[in-house]
Amino acid sequence: TRRQHTPKGLRRPPGPRGLPLLGSALELRKDPHLVLTQMSRKYGDVMEVTIGSRPVVVLSGLETIKQALVRQAEDFMGRPKLPSFKYISNGHSLAFSYECGEMWKARRKLAQNALKTFSIAASPTASSSCLLEEHVTNEASYLVTKFLQLMEEKQSFDPNSYLIVSVANVICAICFGKRYDHDDQELLSVVNMNTEFGDVVAAGNPTDFIPLLRYLPNRAMAAFKDVNARFNAFIQKIVQNHYTTFDKEHIRDVTDSLIGHCQEKKTGEDVRVQPSDESIISIVNDLFGAGFDTVTTTLSWCIMYAALYPHIQKKIQAELDQTIGCERRPRLSDRGILPYTEAFILEVFRHSSLLPFTIPHSTTKDTVLNGYYIPKDTCVFVNQWQVNHDEKIWKDPSSFKPERFLNAAGTEINKTEGDKVVIFGLGKRRCIGESIGRWEVFLFLSTILQQLERLCARNMATDWLGSIVSINCGESLGVYQGRVSAVDQVSQ
Ligand code: HEM
């Protein structure tokens with residue numbers, strides 16, 4: 001029936017017909033990014049699939065995605081009203097809530113400023129160039145000591161469970177001025193719920209798209225509610241604590257800076273569009289939530305690729321040896337002189353496409369894209385994986401080759417190539433933690449590889465990284481390898 005409302009002379013995007021009630025939901029159950037990439041070959045860069053009862057427009061192709069998210073940014077900047085989203089940050093989420101008008105813009109600005117002040121801005125107090133560098137250096141050093149101790153005591157351990165606490169500690173320091181021990185049960189119960197969160201937020205979660213399912217008992221959704229409630233309670237407690245110790249002359253972290261903003265606002269003159277205190281404070285929920293899972297996942301992928309391709313790992317280590325040596329630790333300012341390491345990280349982002357889709361978008365008004373009509377409030381998926389594996393822009397996209405991002409001499413990153421990797425979204429909804437994320441991954445990875453190689457070489461002649469990963473993460477290595485080979489299948 002929706003097709004009948006299409007204005008004269010315009011067409012709706014093409015797409016598969018799908019089953020009644022389910023649409024294409026069954027096909028999309030597993031690896032939706034791969035299925036939708038295949039479909040896009042047949043239907044094009046702008047296609048419409050029905051998931052459950054909901055029409056979803058799926059965007060592929062770098063130029064089409066830029067057209068929508070950058071050139072027609074206002075039209076495509078909304079978020080859909082998906083049932084699961086209302087549990088996130090008590091319905092006030094900056095990233096997931098439907099509201100995207102002036103109020104949202106004001107909050108996004110606040111978030112960006114507060115985040116910057118306590119992470120990448122030059123710091124007068126820190127002994128490092130910025131607070132982010134200080135926090136990551138501390139956590140990475142701890143991690144190295146911990147890894148060494150574990151290798152000595154147990155020979156085998158799962159690096160991921162330590163990475164996640166270290167990375168969470170960095171965002172905790174920025175947001176809450178707080179650090180947790182690696183065996184802190186409260187923190188562990190909050191950071192270890194990724195899969196419960198990820199499964200529901202993943203593109204095309206059936207309950208969000210098939211209304212009938214909402215009335216049936218649903219274990220995944222119940223777990224999701226529970227996870228969000230626990231998460232919100234954890235943060236609420238920290239925020240309460242900040243309120244009682246708040247001193248406007250001494251702003252300690254992002255939470256203080258948001259509290260300060262709420263108080264200033266009350267005495268200030270500008271009353272036009274003021275977000276509520278609750279919606280300002282809840283910004284830390286988004287920052288903390290978005291700030292550790294993505295970076296931890298990226299680092300895990302980095303370790304997996306380094307273990308899968310020992311010759312590449314050796315090249316990174318050789319670069320570290322030649323430029324930094326072993327007398328000092330890597331710093332953020334070394335990024336320019338470690339082009340191979342940078343290229344490796346870019347290739348990890350591209351090849352893994354660890355976030356195959358952005359968060360779903362939605363149209364804010366009736367619009368036309370590449371000649372196709374898309375009505376207001378249509379849910380839009382942006383297939384980042386497709387861009388990162390498009391044969392039209394990448395040579396041999398299924399092979400893992402950091403060199404593709406380097407100039408012929410291997411001395412510099414080719415920026416034009418690097419910019420073609422889409423992993424942080426684009427346009428008005430682009431990730432606000434992009435610099436933090438990229439810098440953090442660089443500093444953790446280079447510090448771990450430099451220090452561990454140096455220290456392990458003393459005791460073990462073996463490929464330490466390969467052995468940790470294969471002994472301890474046999475299962476996850478299988479999963480990663482599975483994804484890597486799934487990539488190959490689609491590319492053929
Ligand atoms: C949104 C990726 C790290 C905060 C996003 C989006 C992606 C993304 C794909 C959705 C863009 C869209 O919907 O079009 C990543 C990756 C990261 C990372 C790959 C690390 C490697 C971070 C960090 C923070 C953060 C460290 C905070 C400290 C956010 C926020 C949003 C967001 C608040 C929502 C923006 C909005 O809806 O306006 N990120 N992110 N991210 N990210 Fe990140």
Side-chain angles (χ1 to χ4, degrees), residues 33 59 65-66 68-70 73 76-80 82 85 88-89 92-101 103-120 131-132 135-136 163 167-176 198 201-203 253-255 258 282-302 345-346 348-350 352-362 364 379-385 387-388 421-445:
H33 56 290
L59 303 184
I65 290 172
K66 278 189 183 162
L69 302 191
V70 180
F76 286 92
M77 69 188 283
R79 296 287 189 212
L82 296 183
F85 288 6
I88 306 172
S89 303
H92 287 294
S93 173
L94 187 68
F96 291 94
S97 64
Y98 179 76
E99 204 274 316
C100 65
M103 213 80 106
W104 170 79
K105 282 187 190 148
R107 291 171 68 219
R108 185 167 152 115
K109 229 268 135 84
L110 261 177
Q112 280 169 316
N113 290 341
L115 202 54
K116 193 169 171 198
T117 308
F118 290 97
S119 61
I120 61 178
L131 287 168
L132 182 71
H135 300 320
V136 176
L163 273 176
V167 174
N169 266 333
V170 172
I171 193 73
C172 267
I174 294 171
C175 290
F176 311 126
V201 203
D253 46 37
V254 169
T255 306
L258 295 172
S282 72
I283 288 173
V284 288
N285 288 47
D286 279 274
L287 296 181
F288 181 63
F292 68 89
D293 189 20
T294 44
V295 174
T296 309
T297 311
T298 308
L299 284 167
S300 294
W301 278 100
C302 287
I345 295 170
L346 279 169
V348 169
F349 277 134
R350 185 196 70 82
S352 73
S353 291
L354 54 106
L355 293 177
F357 297 97
T358 65
I359 300 168
H361 285 237
S362 165
T364 56
C379 181
V380 177
F381 286 177
V382 178
N383 194 345
Q384 304 194 122
W385 192 94
V387 174
N388 295 335
V421 180
V422 179
I423 193 72
F424 293 92
L426 291 171
K428 290 192 184 294
R429 284 287 181 169
R430 189 176 188 132
C431 174
I432 66 173
E434 177 171 351
S435 306
I436 298 183
R438 288 187 193 272
W439 295 16
E440 214 179 319
V441 168
F442 167 80
L443 200 54
F444 262 116
L445 183 71

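Each ligand, and each atom within it, is numbered from 1 in the order the structure gives.
Contact analysis puts R79 in contact with ligand 1, with a non-hydrogen atom separation below 4.0 angstrom. Within the structure, ligand 1 has H361 among the residues with a heavy atom less than 4.0 angstrom away. Not a single heavy atom of F288 lies less than 4.0 angstrom from ligand 1.
Taking atom 28 (C) of ligand 1 as the reference point, the nearest protein heavy-atom neighbour is I171 CD1, 3.6 Å. R108 NH1, 3.4 Å is the protein heavy atom nearest to atom 35 (C) of ligand 1. Taking atom 27 (C) of ligand 1 as the reference point, the nearest protein heavy-atom neighbour is L287 O, 3.9 Å.
Remark: the backbone N or O of A173 is not paired with any side-chain donor or acceptor of D253 at under 3.5 angstrom. Distance alone, capped at 3.5 Å, places no donor-acceptor pair between the Q112 side chain and the I432 backbone. The main-chain N or O of L94 is found under 3.5 Å from a side-chain atom of D286 such that the two form a donor-acceptor pair. R79 places a side-chain N or O within donor-acceptor distance of the main-chain N or O of P360, the cut-off being under 3.5 Å. A donor-acceptor pair is defined here as one N or O able to donate and one able to accept, closer than 3.5 Å; no such pair exists between the side chain of S93 and the backbone of S89.
Considering both main-chain and side-chain atoms, R429 comes within under 3.5 Å of ligand 1 through a nitrogen or oxygen pair.
By the criterion of a heavy-atom distance under 4.0 Å, neither the backbone nor the side chain of V441 is placed next to ligand 1. No part of V382 comes within 4.0 Å of ligand 1, judged by heavy-atom distances. At a heavy-atom cutoff of 4.0 Å, ligand 1 is contacted by no atom of R438, backbone or side chain.
Against a heavy-atom cut-off of under 4.0 Å, W104 is close to the following atoms of ligand 1: 38 (O). Each of the following atoms of ligand 1 lies closer than 4.0 Å to a heavy atom of L94: 37 (O). Near I359, the atoms of ligand 1 lying under 4.0 angstrom from a non-hydrogen atom of the residue are 10 (C), 13 (O).
Taking each of L69, I423, T298 in turn, the one with a heavy atom nearest to atom 21 (C) of ligand 1 proves to be T298.
F357 and H33 have perpendicular rings, their planes meeting at more than 60° on a 0 to 90° scale where under 30° would count as parallel.
Between I171 and V167 there is no side-chain heavy-atom pair separated by less than 4.5 Å. The closest side-chain heavy-atom distance from M77 to K105 is below 4.5 Å. Looking at heavy atoms from C-beta onward, T358 lies out of side-chain contact with R429 at the 4.5 angstrom threshold. V382 is not listed as a side-chain neighbour of F76, based on a closest heavy-atom distance of 4.5 Å or more. Here the side chains of L346 and R438 are in contact, with some heavy-atom distance below 4.5 Å.
Of the options W301, F442, F424, a ring pair (Phe, Tyr, Trp, His ring centres under 6.0 Å) to F349 is made by F424 and by none of the others.
Around atom 43 (Fe) of ligand 1, protein atoms of type N, O or S found under 2.8 Å number 1.
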